[in-house]
Amino acid sequence: MGTKLHQLVASHAQTDPAIVISDRLLIDLLTRRLVVALSRFVGQYQQYPDVPVVQIGLVGCSYQPKQANWKVTLPPDGGTTGRFLIESTASFSARFGVTKAGDTSVGLFEVDLEVVRVSTTGTASKNTLALGEVHLDFRTTIDTDPNAAANATALGLSDREIARLEGLVAGSVAPTAVRKIFTGAPKIDLQKIFPTVQFTGAGELVVIPDGLLIIAKNGWTLDEGQRCECGATAPEIVITPPDRVEGEYDGAPLPVNVSIPPPRNPPWPVDTPVAADVGLYIPQATVNALTAGPYPAINDYDEDNGFFGWTFDYSIGFSNVKASLKDPRATIVLTIDFYVTGTGSVNVDIPCVGRATAGIFWAHNRKTGPSSISFGITPRLQPDGKIVLMPELLNLDITPFSCECVIGALSALSYFGTVGTIAAFVINEIIRRVIAHNLPSLISSSVKESMGKQMWTLLDLTKLDVGAIYGHNFGVREAFSREPDSLLVGLAPRDY
């Protein structure tokens, strides 16, 4: 059962992919420069060029990120235009000091800039999230140093020059410095963070509790370059052919046995009870597109030029691809049907006559329904910082084989007295050999290729400053929630 966040996202996005951006990511985008600036510049002074005998510096700042009370809202037309608002009304103060150049002990005055409101407009355009100009509502207070008059006289500054400095710092230098720290917040390139599902137009915005939802209402596509097919490994598959046919073959399907590696123990979870702070909503239609393949047919050929010679031209054809979000074995269970079908001929080297076709045959495993391969696909955080869909082989079922023959040269039939009928020869000498020796490697190769086609990079954390968002004292993990017709895949702090 999906998380409450997943259910909320699904109610808005429905059959369209969507991106979930938590408020704290948006707020980090806006305030990261401020936090960095506070750590670097508090206590730092610079000489003022217009009055070289003084310097101006940031004495302190009371801004606390966790107490800022930021809110994300939409203007009346924001949902369709891609505009949103970020605002904080939790006041904080930045204190600037003016002293003698090179000597903070010789003070003139300090300006206390109390910021009572910070606001900005953001835009969610095609695959990009950006913030505009920052607006500040503030008030200032000037605190004169007890020794200001004497210090000003010593510096050769008149009362008029001091008054001009106070007005300049309080009305321009201090608010401009704070505004510049906020302004210039980096853009979020959604295409780099969510590389697989690409928006082909601007997204539609919806504000949800603690976050912003960007819905691909104007179309989406998949970036085929985000599949890491080389990352799949071929599982060991052993196929045991049917027993030998003794005497006449009655046409009944002959079963084969298949052995594959045991399932993962313990298995990967089907979903996690975690709300994704940064996530990708994937509806069933997108799941179908991710798992659609293609899965091309495999063609192969085998022959023997002995006294009883034969040729066999056969193929493995795949069809009926189904991706389920309801199967308890994995987050996504992908099932692909397939058939093995081939035609061939049997010939005999008759003395003084030469090669004669004893018969032609059609061998297949269609009588009892399709064979099938099932994969479990689960989002996993990889060591390189990417959340990738990881597949594993859950089941391989090969339905029984049968053979149908048409007699060729009657003169050749007598030579089969030692090996049984032509049909028995085909089963015992051709089909059993192909099943035991050829089919395992072909299907193993096909399984590896099919697994590789599922390995999409859904989220690339290397393009996100995770430490700045969550803090540097703990890591993150993949978070994924499953509903019967959609997934929500993202990340969350590991301490959740």
Side-chain angles (χ1 to χ4, degrees), residues 23-51 54-73 75 84-101 103-122 131-149 151-152 157 159-186 468 471:
D23 284 351
R24 63 168 146 186
L25 174 59
L26 293 173
I27 293 163
D28 168 74
L29 175 68
L30 174 64
T31 63
R32 186 181 303 175
R33 285 168 57 93
L34 174 63
V35 174
V36 172
L38 293 180
S39 65
R40 289 182 180 178
F41 301 133
V42 169
Q44 300 295 316
Y45 286 78
Q46 284 189 325
Q47 189 177 27
Y48 187 53
D50 290 350
V51 186
V54 303
Q55 63 183 7
I56 302 173
L58 182 62
V59 177
C61 184
S62 65
Y63 178 79
Q64 297 293 329
K66 293 183 178 180
Q67 300 173 7
N69 192 29
W70 294 94
K71 292 183 180 179
V72 180
T73 59
F84 60 94
L85 306 175
I86 300 181
E87 179 183 75
S88 173
T89 54
S91 65
F92 67 93
S93 63
R95 196 167 184 85
F96 293 82
V98 179
T99 70
K100 176 184 177 181
D103 188 354
T104 57
S105 66
V106 181
L108 296 174
F109 60 88
E110 289 185 351
V111 172
D112 186 74
L113 179 76
E114 183 183 6
V115 180
V116 296
R117 180 174 175 268
V118 182
S119 62
T120 185
T121 299
L131 299 178
E133 183 179 352
V134 174
H135 300 278
L136 301 179
D137 292 348
F138 62 90
R139 50 179 172 259
T140 56
T141 302
I142 299 175
D143 296 326
T144 302
D145 188 276
N147 299 316
N151 292 338
L157 298 174
D159 292 345
R160 183 176 180 180
E161 288 174 311
I162 293 294
R164 180 175 176 274
L165 266 176
E166 290 176 341
L168 192 64
V169 175
S172 178
V173 174
T176 298
V178 174
R179 190 180 295 111
K180 281 186 175 181
I181 291 174
F182 277 108
T183 303

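All of these numbers come straight from a predicted model, not from anything done at the bench.
- In this structure Asp145 satisfies the side-chain contact (heavy atoms from CB on, under 4.5 Å) test together with Asn147, Ala148, Asn151, sequence neighbours excluded.
- Judged as a side chain to side chain donor-acceptor pair (under 3.5 Å), and not counting sequence neighbours, the contacts of Arg139 are Glu114.
- For Thr176, there are no side chain to side chain donor-acceptor pair (under 3.5 Å) partners at least two apart in sequence or on another chain.
- Note that OG1 of Thr120 is 10.0 Å distant from CG of Leu136, once rounded to the nearest 0.5 Å.
- The shortest distance between side-chain heavy atoms of Glu161 and Val51 does not fall below 4.5 Å.
- Proximity of Leu108 to Leu157: side-chain heavy atoms (C-beta onward) are separated by under 4.5 Å at one or more points.
- A donor-acceptor distance shorter than 3.5 angstrom exists from the side chain of Ser62 to the backbone of Ser93, with no hydrogens or angles considered.
- Annotation for Ala170 and Phe138: closest pair O-CE1, 4.3 Å, computed over non-hydrogen atoms.
- The closest side-chain heavy-atom distance from Ile86 to Val72 is below 4.5 Å.
- For the pair Ser91 (side chain) and Val115 (backbone), a donor-acceptor distance under 3.5 Å is absent.
- Among residues two or more places apart in sequence or in another chain, the side chain to side chain donor-acceptor pair (under 3.5 Å) test is passed with Gln44 by none.
- Residues Gly97 and Glu110 approach most closely at CA-CG, 3.9 Å, considering heavy atoms.
- Considering only residues two or more places apart in sequence or on other chains, Arg117 meets the side-chain contact (heavy atoms from CB on, under 4.5 Å) condition with Glu87, Thr89, Ser119, Asp137.
- By the side chain to side chain donor-acceptor pair (under 3.5 Å) test, Glu166 pairs with no residue at all, sequence neighbours left out.
- Residues forming a salt bridge (charged side-chain N to carboxylate O under 4.0 Å, His left out) with Asp112 (at least two apart in sequence, or on another chain): Arg95.
- Residues passing the side-chain contact (heavy atoms from CB on, under 4.5 Å) test with Ala90 are Asn69, Ser88, sequence neighbours excluded.
- Applying the side-chain contact (heavy atoms from CB on, under 4.5 Å) test to Leu85 and every residue at least two apart in sequence or in another chain returns Thr73, Pro75, Thr121.
- Of all heavy-atom pairs between Gly107 and Thr99, the closest is CA-CG2, 4.0 Å.
- Within 6.0 Å of CG on Asp50 lie more than 12 heavy atoms contributed by other residues, nucleotides or ligands.
- Taking the side chain as every heavy atom from C-beta outward, Tyr48 and Leu165 approach each other to under 4.5 Å.
- The closest side-chain heavy-atom distance from Phe109 to Asp143 is not below 4.5 Å.
- Looking only at side-chain heavy atoms (C-beta outward), Val178 and Phe96 come within less than 4.5 Å of each other.
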